Amino acid sequence: MVFSKRKMKHFLIIGVLLVFGICFYKSWSNPPTILTNFKENYLDNKHSANHQHHSASNNEQQQALVGNEFYTNSNDDAENNNVNILNNDFKNELNQAYKRIDLLESKIKELERRIPKKHPDVRFLNYKNRKRILITGGAGFVGSHLVDVLMMQGHEVVVADNFFTGRKRNVEHWLGHENFELIHHDIVNPLFIEVDEIYHLASPASPPHYMYNRVKTIKTNTLGTINVLGLAKRVGAKVLIASTSEVYGDPTVHPQPETYWGHVNPIGPRACYDEGKRVSETLSYAYAMQENVNVRVARIFNTYGPRMHMNDGRVVSNFILQALQNESITIYGNGKQTRSFQYVSDLIDGLISLMASNYTQPVNLGNPIERTIYEFAEIIRDLVGGKSKIIQTPAVEDDPQKRKPDITRAKKYLNWEPRVPLKIGLEKTIEYFRKELARSNHSQRNIFIPDVE
């Protein structure tokens with residue numbers, strides 16, 4: 001049986017009152033017994049004193065009076081001792097009651113931390129407009145932000161994730177909602193589910209993660225894509241494939257339009273990801289031409305924001321982490337490599353717009369404002385406010401020297417372009433990282449819940 005938060009609080013309050021009542025009853029039920037025993041002993045002693053008084057001789061009368069005074073004083077001392085014992089017993093019982101109440105209060109707080117907060121009020125969509133949407137890799141950095149927007153729009157969202165780089169706490173604020181479902185599943189294996197749309201985001205995206213298990217990365221972007229496209233074919237769903245700017249490799253054309261075929265090393269250290277995504281695009285259009293699957297392809301450029309993995313090895317996370325810890329900011333090579341960074345909310349808007357459009361060719365989603373790696377390190381250091389030094393380390397093999405998207409297609413067919421200024425996006429990301437570093441246990445939640453319109 002599942003209890004609501006209100007019922008849980010009612011039961012806990014009743015439990016506290018019951019324990020307090022028992023303690024209170026015990027503390028006041030014992031004193032009458034003590035007083036009764038005291039009263040009986042006192043009367044017996046008094047009766048004995050009277051008997052001795054009447055049997056005393058006239059010659060010993062003065063001595064008896066002195067003895068009676070001594071006896072009376074002794075009885076007064078005994079009464080005071082019994083009262084002190086009574087007070088001590090009552091204080092002990094009261095202290096025990098306070099301890100039990102404190103213990104119950106701490107348990108109530110712990111239970112309240114475990115009870116999910118009230119879900120945001122999502123828009124209601126009727127059966128004609130409400131869609132059932134699958135997001136592979138939905139517990140990851142980008143996927144979890146996509147979940148937030150689609151849930152707020154009123155759709156039913158199913159997340160399939162193997163939690164290699166994704167985290168359950170990225171989507172835990174939706175757990176228990178009637179429109180949300182979380183499945184622990186590796187998309188390398190077939191998934192049988194009924195959906196209207198599919199966002200295929202499953203794949204490690206940072207060099208340390210996709211190089212950790214190169215074969216697994218290739219399988220995710222080939223077998224995983226085949227399983228997603230096969231599912232879309234079976235249920236007639238529209239599918240969006242999350243590709244990457246890495247398909248351009250180390251480009252010889254700048255900026256990179258979607259018509260550029262790329263300059264990729266097929267056997268280099270990054271090939272498992274670069275070529276995996278290129279094959280993923282090839283599979284998508286093969287299914288589109290042969291099986292009439294309705295596909296969309298988004299080539300995603302560098303993205304940053306809250307919920308980024310702390311040790312994903314990317315430029316933003318590395319620089320912020322090093323600056324917050326007052327460590328030296330390390331850049332690979334001379335720092336003259338260029339990158340274009342977009343905030344995650346801009347990317348989500350682009351993905352949803354592409355899915356809703358009728359445009360089927362690949363579309364670049366990125367920020368056309370280009371900066372060098374060294375400039376970016378200086379910006380982050382200044383925003384954090386530390387005194388970290390910027391040092392150079394040996395260059396990485398096949399590291400692209402230039403990266404800037406041509407977003408003409410996105411502007412023309414999606415009416416999309418980035419809107420969040422770099423400083424505002426970085427401040428939100430830095431604040432998230434600062435809270436993450438301040439955590440000392442699991443109860444100190446660092447859940448980023450964006451304001452979604």
Side-chain angles (χ1 to χ4, degrees), residues 135-138 140-143 146 161-162 164-166 186-188 198-230 232 239-253 256-288 293 295-303 312-314 339-340 342 347 350-351 354-355 360-366 396-400 402-407 409-410:
I135 304 176
T136 67
F141 163 47
V142 174
L146 180 60
D161 204 303
N162 67 350
F164 173 58
T165 57
D186 192 332
I187 201 59
V188 170
I198 304 172
Y199 289 84
H200 181 37
L201 309 181
S203 175
S206 66
H209 289 156
Y210 65 63
M211 291 182 188
Y212 177 78
N213 189 336
R214 290 174 167 84
V215 175
K216 180 68 172 179
T217 300
I218 296 172
K219 284 184 175 180
T220 301
N221 288 292
T222 54
L223 293 178
T225 302
I226 290 174
N227 289 330
V228 166
L229 293 169
V239 58
L240 185 148
I241 303 296
S243 187
T244 174
S245 60
E246 296 290 342
V247 299
Y248 301 125
D250 188 4
T252 58
V253 174
Q256 297 82 52
E258 291 86 349
T259 54
Y260 176 57
W261 291 353
H263 179 227
V264 179
N265 181 0
I267 58 173
R270 306 167 74 100
C272 59
Y273 183 68
D274 300 357
E275 297 288 17
K277 287 296 186 181
R278 288 163 70 93
V279 172
S280 180
E281 289 190 17
T282 303
L283 286 167
S284 301
Y285 289 108
Y287 268 82
V293 175
V295 301
R296 305 287 184 271
V297 174
R299 290 176 179 168
I300 301 172
F301 282 69
N302 295 73
T303 308
D312 64 2
R314 301 188 197 186
R339 295 292 186 272
S340 303
Q342 65 179 335
L347 171 61
L351 292 175
L354 179 58
M355 177 68 88
T360 59
Q361 292 299 304
V363 177
N364 289 336
L365 294 178
V396 178
E397 183 180 357
D398 291 340
D399 186 24
K402 295 182 179 180
R403 186 62 56 77
K404 176 182 177 180
D406 181 342
I407 61 171
R409 279 188 182 179

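Because the structure is predicted, anything quoted here is derived from the model rather than measured.
- In summary, E275 and R270 do not engage in a salt bridge, as defined by a charged side-chain N under 4.0 Å from a carboxylate O.
- Counting heavy atoms from C-beta on, the side chains of P204 and Y212 never come closer than 4.5 Å.
- Across every non-hydrogen atom of V228 and I187, the tightest pair is CG2-CG1, 3.7 Å.
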V142/L351 under side-chain contact (heavy atoms from CB on, under 4.5 Å): CA gap, chis, key distance, verdict: CA-CA 10 Å; V142 174; L351 292 175; 4.2 Å; yes
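- Side chain of R278 to backbone of V247: a donor-acceptor contact under 3.5 angstrom is found.
- Interatomic distance, K219 NZ to S203 OG, rounded to the nearest 0.5 Å: 14.5 Å.
- Using a 4.5 Å heavy-atom threshold, the side chains of Y199 and T136 count as separate.
- No hydrogens or angles considered: nothing links the side chains of T165 and H209 as a donor-acceptor pair under 3.5 Å.
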Stepwise side-chain contact (heavy atoms from CB on, under 4.5 Å) check, V295 with L229: CA-CA 9 Å; V295 301; L229 293 169; 4.0 Å; yes
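- Judged by distance alone, with hydrogens and angles left aside, the side-chain atoms of N364 form a donor-acceptor pair with the main-chain N or O of Q256 at under 3.5 Å.
- The shortest distance between side-chain heavy atoms of R296 and P362 does not fall below 4.5 Å.
- When atom types are taken as modelled, the side chain of E258 and the backbone of Q361 share no donor-acceptor pair closer than 3.5 angstrom.
- K216 has a carboxylate O that lies under 4.0 Å from a charged side-chain N of D186, or vice versa, which qualifies the two as a salt bridge.
- The two residues T220 and H200 make their nearest non-hydrogen contact at O-NE2, 4.1 Å.
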S340/R403 under side-chain contact (heavy atoms from CB on, under 4.5 Å): CA gap, chis, key distance, verdict: CA-CA 6 Å; S340 303; R403 186 62 56 77; 5.6 Å; no
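- Residue L240 holds its CG atom at 10.5 Å from CD1 of I135, rounded to the nearest 0.5 Å.
- Residues I300 and Q342 are in side-chain contact: their nearest non-hydrogen atoms beyond the backbone lie under 4.5 Å apart.
- Side-chain N/O atoms of Y285 and T360 include no donor and acceptor closer than 3.5 Å.
- Residue E246 comes nearest to P400 through the heavy atom pair OE1-CG, 4.4 Å, listed as atom of the first residue, atom of the second, then distance.
- Of all non-hydrogen atoms in D161 and G138, the two that sit nearest each other are OD2-N, 3.5 Å.
- Remark: side-chain polar atoms of T303 are paired, donor with acceptor, to backbone N or O of F301 under 3.5 angstrom.
- Judged by distance alone, the side chains of N221 and S280 never bring a donor and an acceptor atom under 3.5 Å apart.
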side-chain contact (heavy atoms from CB on, under 4.5 Å) assessment of R409 paired with T259: CA-CA 11 Å; R409 279 188 182 179; T259 54; 3.8 Å; yes
Residue pair Y248, R299: steps toward the side chain to side chain donor-acceptor pair (under 3.5 Å) verdict: CA-CA 10 Å; Y248 301 125; R299 290 176 179 168; 3.0 Å; yes
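- When all heavy atoms of M355 and V239 are compared, the closest pair comes out as CE-C, 4.3 Å.
- Taking the side chain as every heavy atom from C-beta outward, F164 and N213 never approach each other to under 4.5 Å.
- Minimum interatomic distance between L365 and A298 (heavy atoms only, all atoms of both residues): CD1-CB, 3.8 Å.
- Between the side chain of K402 and the backbone N or O of T252, no donor-acceptor pair lies under 3.5 Å.
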